[in-house]
Amino acid sequence: MTGQSEFDDKERRALFGSHATLYGDGRPGYPPEVFDHLQTLCNLRSGCQLLEIGPGAGQATGPLLDAGAEVHAVEVGDEFQTLLTTRFSNRKFTVSSGEFETIDLVPNSFDLVAAATSFHWIAPDQGLDRVAQVLKPGGWLALWWNHYGDPDRRDLFREAIGPLLELHAPQFTESVTGGAGIGAHPYAIDTDARVGEIDRNGNFEPVHHVQIPWTATQTTSEIQRFLGSLSHWMALDPTTRTTLLAAVGDLVDNKFSGAVDRPFLTAVYAARRV
């Protein structure tokens, strides 16, 4: 996901680990249709041996466990590891510290490898090769991302926040039109690129791709927590971030009476290991 900040990937990724509670409170989960799709297509079931890459605060982990999977997670953030261990202490869940590309994992040991809004932190070729290594023959890869916008539906909040970003964070100006300034980065819905990466890898059968539209109602405080959880907002200096989030609060309170409906998409890419 390029063009969102001046930090390289590892530096921006580290911001999440130092704001684990903010991330957990601010990010919405995923629509239930995602997990229905995985159960129908990817053999997500009771006893499924599932590796989750970069679970963060566990927005996807809970539903995966609810579907019966035994989840082993790989997470780089110490604060996230603590949060996850506490949250899922009585579930069939373990978490290991490290980067997916280099951590020690048993080959051919997982039925499903899943990454929810996290695989963009990994070089595609290296990451897909590693996925193929740890999957059982016939096992599934499932990658999905929330896209906080929908090109086919109007987003009144996105329209209204543009002038605030231009005033307080002009470095976001180019991203306002595309929506990246409020999390709607085109990476998730660049279907040709995402499918092409998997197809070219050669370790997987043809990709199954779906886009799931949904609507989230966000209150003033929920929108403030959501925006504060985005890495390029975390990277703002504290004074600017505080001022901007306060202005967003005033906007939602005064223009939208304290809550606004947001059109979102979740893009899912799934492929079976040959």
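Heavy atoms only: backbone and side chains are in, while hydrogens, waters and symmetry mates are out. Predicted model, so just to flag it, every value in this text is computed and none were measured.
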Open item on the list: For N108 and R273, which I'm curious about, is there any donor-acceptor pair between the side chains at under 3.5 Å?
Closed with: yes
Open item on the list: Once rounded to the nearest 0.5 Å, what's the spacing between atom CE of M234 and atom OG of S229?
Closed with: 5.5 Å
Open item on the list: Is any side-chain heavy atom of W233 closer than 4.5 Å to one of L244?
Closed with: yes
Task: Closest non-hydrogen atom pair, T61 against P55 - done: OG1-CB, 3.5 Å
Open item on the list: Can you give me the closest heavy-atom contact between I182 and I161, atom names plus distance?
Closed with: CG2-CD1, 3.8 Å
Task: Matching residue for F110 among K136, E70, H72 - test: side chain to side chain contact (heavy atoms under 4.5 Å, CB included) - done: H72
Task: Pair Q81, E75: side-chain N/O donor-acceptor within cut-off below 3.5 Å - done: no
Open item on the list: Tell me the closest heavy-atom pair linking A267 and A188, and the distance in Å.
Closed with: CB-O, 3.3 Å
- [ ] Report yes or no: do T243 and H168 form a side-chain donor-acceptor pair below 3.5 Å?
- [x] no
- [ ] Look up atom CG in L236 and atom OG1 in T242, then write down how far apart they are to the nearest 0.5 Å.
- [x] 10.0 Å
Open item on the list: According to side chain to side chain donor-acceptor pair (under 3.5 Å), who are the partners of N90, at least two apart in sequence or on a separate chain?
Closed with: none
Task: Atom pair CZ/OG1 of R87 and T82 - distance to nearest 0.5 Å - done: 14.5 Å
Task: Under 3.5 Å: donor-acceptor pair, side chain of E222, backbone of T219 - done: yes
- [ ] Go through L128 and L141 one step at a time and tell me if the side-chain contact (heavy atoms from CB on, under 4.5 Å) criterion holds.
- [x] CA-CA 9 Å; L128 291 168; L141 163 70; 3.6 Å; yes
- [ ] Using salt bridge (charged side-chain N to carboxylate O under 4.0 Å, His left out) as the criterion, list what pairs up with R194, not counting sequence neighbours.
- [x] E197
TODO: Working to the nearest 0.5 Å, report the span between OG of S118 and CG of L143.
DONE: 8.0 Å
TODO: Can you sort out the partners of D150 under side chain to side chain donor-acceptor pair (under 3.5 Å), two or more places apart, ordered by chain and number?
DONE: R153
Open item on the list: If only side-chain N and O atoms count, and only distance matters, is there a donor-acceptor pair under 3.5 Å linking N201 with D125?
Closed with: no
- [ ] Look at the side chain of R45 and the backbone N and O of A67, then say whether any donor-acceptor pair between them is shorter than 3.5 Å.
- [x] no
- [ ] Say whether L265 and Y148 are linked into one hydrophobic cluster, either directly or through other cluster members, by side-chain heavy-atom distances under 4.5 angstrom.
- [x] no
TODO: Side-chain contact test, heavy atoms from C-beta onward, threshold under 4.5 Å: evaluate it for L112 versus L51 and give yes or no.
DONE: no
Open item on the list: Can you confirm if the aromatic rings of F119 and Y269 lie within a centre distance of less than 6.0 Å?
Closed with: no
Task: Least distance between heavy atoms, L245 atom then G228 atom - done: CD2-N, 4.2 Å
Task: S109 (side chain) donor-acceptor with V106 (main chain) under 3.5 angstrom - done: yes
Open item on the list: Using every non-hydrogen atom in the two residues, find where V274 and G202 come nearest and quote the distance to one decimal.
Closed with: CG2-O, 4.2 Å
TODO: Using side chain to side chain donor-acceptor pair (under 3.5 Å) as the criterion, list what pairs up with T217, not counting sequence neighbours.
DONE: D261
- [ ] Kindly say whether the aromatic ring centers of H208 and W140 come within a distance under 6.0 Å.
- [x] yes
Task: Cluster check I198, I189: I/L/V/M/F/W/Y, side chain < 4.5 angstrom - done: no
TODO: Please test Y30 against T117 for side-chain contact (heavy atoms from CB on, under 4.5 Å), starting from the C-alpha separation and ending with a verdict.
DONE: CA-CA 10 Å; Y30 301 93; T117 314; 2.8 Å; yes
TODO: Answer yes if the side chains of T266 and W214 hold a donor-acceptor pair under 3.5 Å, and no otherwise.
DONE: yes
Task: Same apolar cluster (I L V M F W Y, side chains within < 4.5 Å links), I103/V134 - done: yes
Task: Pairs where residues 248-258 contributes a residue and the test side-chain hydrogen bond (donor to acceptor under 3.5 Å, both in side chains) is met, not counting sequence neighbours - done: T220-D253
Open item on the list: Do R262 and Q218 pair up side chain to side chain, a donor and an acceptor below 3.5 Å, judged on atom types alone?
Closed with: yes
Task: Euclidean distance, L50 CG relative to D111 CG, rounded to 0.5 Å - done: 8.5 Å
- [ ] Output yes when a side-chain donor or acceptor of N43 lies under 3.5 Å from a complementary backbone atom of G139, and no otherwise.
- [x] no
Open item on the list: Measuring only between side-chain heavy atoms, which start at C-beta, is F100 closer than 4.5 Å to V131?
Closed with: yes
Task: Interatomic spacing from CG in L84 to OG in S89 - rounded to 0.5 Å - done: 11.5 Å
Task: F157 vs L251, side-chain contact (heavy atoms from CB on, under 4.5 Å): CA-CA, chis, key distance, verdict - done: CA-CA 9 Å; F157 174 71; L251 171 70; 4.1 Å; yes
Task: Check: R154 and E159 side chains under 4.5 Å, non-hydrogen atoms - done: yes
TODO: Can you see which heavy atom on F35 is nearest to which on A60, and at what distance?
DONE: CE2-O, 3.9 Å
- [ ] Determine whether L64 and V210 fall in the same hydrophobic cluster, where Ile, Leu, Val, Met, Phe, Trp and Tyr are linked whenever their side-chain heavy atoms lie under 4.5 Å apart.
- [x] yes
Open item on the list: Please enumerate all residues that pass side chain to side chain donor-acceptor pair (under 3.5 Å) together with D66, with sequence neighbours excluded.
Closed with: R91
- [ ] Go through the steps to decide whether W145 and H120 satisfy the test side-chain contact (heavy atoms from CB on, under 4.5 Å), and finish with yes or no.
- [x] CA-CA 9 Å; W145 288 265; H120 53 278; 2.8 Å; yes
